[in-house]
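Note sheet for the following structure.
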Amino acid sequence: MTALRLLLASMLPLVVLHAADAPLYKNDFESAELDKEPEGMLVTAGDFKVKAEGSGKVLELPGEPLDTFGLLFGPSQKAGVTASARFFGAKKGRKFPTFGVSLGGVGGYRLQVSPAKKALEIFQGDEGRHSVPFEWTDASWTSLRIQTRKDGEGWVVEGKAWAAGEREPAAWTITFAVKDEPPAGRAGVWGSPYSGTSIRFDDLLLVPAH
């Protein structure tokens, strides 16, 4: 009996950790209906449709018109959460797409890859707030993760980006300190098909921040 109790005690922290990491929202579109707008999402603009890719499914934004489009997913949350997604885009000549993942609704903070600028940027709504150099890999999947969390008397917005086949960076690639608590709202994904080619999205995830 003592050995059993010790075993159960040793497993308890793992159970607690697993519960804390339980997703608030997760969608890989495998159960979604093809050629339809995904259910449970709020499309702010754009003709988003679920498409087949190989043996799986992805969400696709067509290559035209040339504008910025987005949709919101998951439950509305206050700051203190992490959102991530994977994106596929391709350049055409000297034209590049942009894409990003956000927290806090339409006016919240967005982490965006801007290939034409060779930059990873943080926006608040439509206003650029901070930028760091970033080399985007053309015609390849790119993962993005954004987080908002309390930091002392203020708040911090953190983001990271990495190409398919690379390990997720241990450290945040870009950070931006703010005094006021970030707005509450739903997470989102965004795309601007300025290259005239479609942008694909997959593996949307929302979890509590650490």
Side-chain angles (χ1 to χ4, degrees), residues 14-15 17-63 68-77 80-90 97-106 108-113 115 120 134 136-148 158-170 172-173 185-193 197-210:
L14 297 178
V15 174
L17 178 62
H18 178 74
D21 289 344
L24 300 168
Y25 179 87
K26 184 177 182 180
N27 196 337
D28 61 6
F29 305 106
E30 293 307 304
S31 61
E33 189 175 353
L34 287 173
D35 299 317
K36 296 290 183 67
E37 182 180 297
E39 295 184 1
M41 296 184 177
L42 175 61
V43 175
T44 62
D47 188 25
F48 291 88
K49 294 288 190 299
V50 176
K51 299 291 184 178
E53 183 181 80
S55 60
K57 298 177 184 178
V58 297
L59 182 64
E60 185 175 272
L61 176 67
T68 298
F69 306 99
L71 61 78
L72 304 180
F73 65 88
S76 179
Q77 296 287 317
V81 290
T82 301
S84 61
R86 297 194 304 125
F87 303 80
F88 184 98
T98 68
F99 49 84
V101 60
S102 68
L103 290 169
V106 174
Y109 287 97
R110 180 172 81 251
L111 177 69
Q112 177 175 297
V113 173
L120 181 65
F134 180 74
W136 168 69
T137 303
D138 178 33
S140 176
W141 283 95
T142 301
S143 295
L144 294 182
R145 189 182 307 279
I146 185 173
Q147 175 171 281
T148 56
E158 303 167 309
K160 60 177 69 174
W162 66 101
E166 296 181 354
R167 288 191 175 187
E168 177 178 347
W172 294 97
T173 311
R186 302 177 74 180
V189 290
W190 305 85
S192 303
T197 59
S198 63
I199 300 174
R200 282 170 271 172
F201 310 78
D202 202 4
D203 296 329
L204 278 54
L205 182 65
L206 182 67
V207 299
H210 292 290

Of the non-hydrogen atoms in [X] and [Y], which two are nearest, and what is the gap between them?
X      : Y      : value
Pro169 : Lys160 : O-NZ, 2.7 Å
Gly191 : Leu61  : O-CD2, 3.7 Å
Leu204 : Met41  : CD2-CE, 3.8 Å
Trp136 : Gly89  : CZ2-O, 3.3 Å
Tyr25  : Pro75  : CB-CD, 4.1 Å
Pro97  : Ile199 : CB-CD1, 4.0 Å

Measure the acute angle between the ring planes of Phe99 and Phe87, then classify it against the limits of 30° and 60° as parallel, tilted or perpendicular.
parallel
Does Phe29 form a side-chain contact (heavy atoms from CB on, under 4.5 Å) with Asp202? I'd like the steps, not just the answer.
CA-CA 7 Å; Phe29 305 106; Asp202 202 4; 3.7 Å; yes
Going by side-chain contact (heavy atoms from CB on, under 4.5 Å), Leu206 matches just one of Asn27, Thr82, Val81. Which one?
Val81
Rounded to the nearest 0.5 Å, what's the gap from [atom1] on [X] to [atom2] on [Y]? Could you check?
X      : Y      : atom1 : atom2 : value
Leu24  : Leu205 : CG    : CG    : 8.5 Å
Leu103 : Leu72  : CG    : CG    : 11.0 Å
Phe201 : Asp28  : CZ    : CG    : 16.0 Å

Would you find more than 12 non-hydrogen atoms of other residues, nucleotides or ligands less than 6.0 Å from Glu168 atom CD?
yes
Report yes or no: does [X] contribute a side-chain atom to a donor-acceptor pair with the main-chain N or O of [Y] at less than 3.5 Å?
X      : Y     : value
Thr44  : Gly70 : yes
Glu30  : Lys57 : yes
Thr148 : Gly80 : yes
Thr197 : Ala90 : yes

Given side-chain contact (heavy atoms from CB on, under 4.5 Å), test Val101 with Arg145 step by step and report yes or no.
CA-CA 7 Å; Val101 60; Arg145 189 182 307 279; over 6 Å; no
Who passes salt bridge (charged side-chain N to carboxylate O under 4.0 Å, His left out) against Lys26, sequence neighbours left out?
none
Sub-6.0 Å ring centroid separation between Phe69 and Phe48
no
Go through the structure and list residues passing side-chain contact (heavy atoms from CB on, under 4.5 Å) with Lys49, not counting sequence neighbours.
Asp47, Lys51
What residues form a side-chain contact (heavy atoms from CB on, under 4.5 Å) with Phe88, not counting sequence neighbours?
Ala139, Trp141, Arg200
Side chains of Ser102 and Trp190: is there a donor and an acceptor less than 3.5 Å apart?
yes
side-chain contact (heavy atoms from CB on, under 4.5 Å) evaluation trace for Leu42 with Arg186:
CA-CA 9 Å; Leu42 175 61; Arg186 302 177 74 180; 3.6 Å; yes
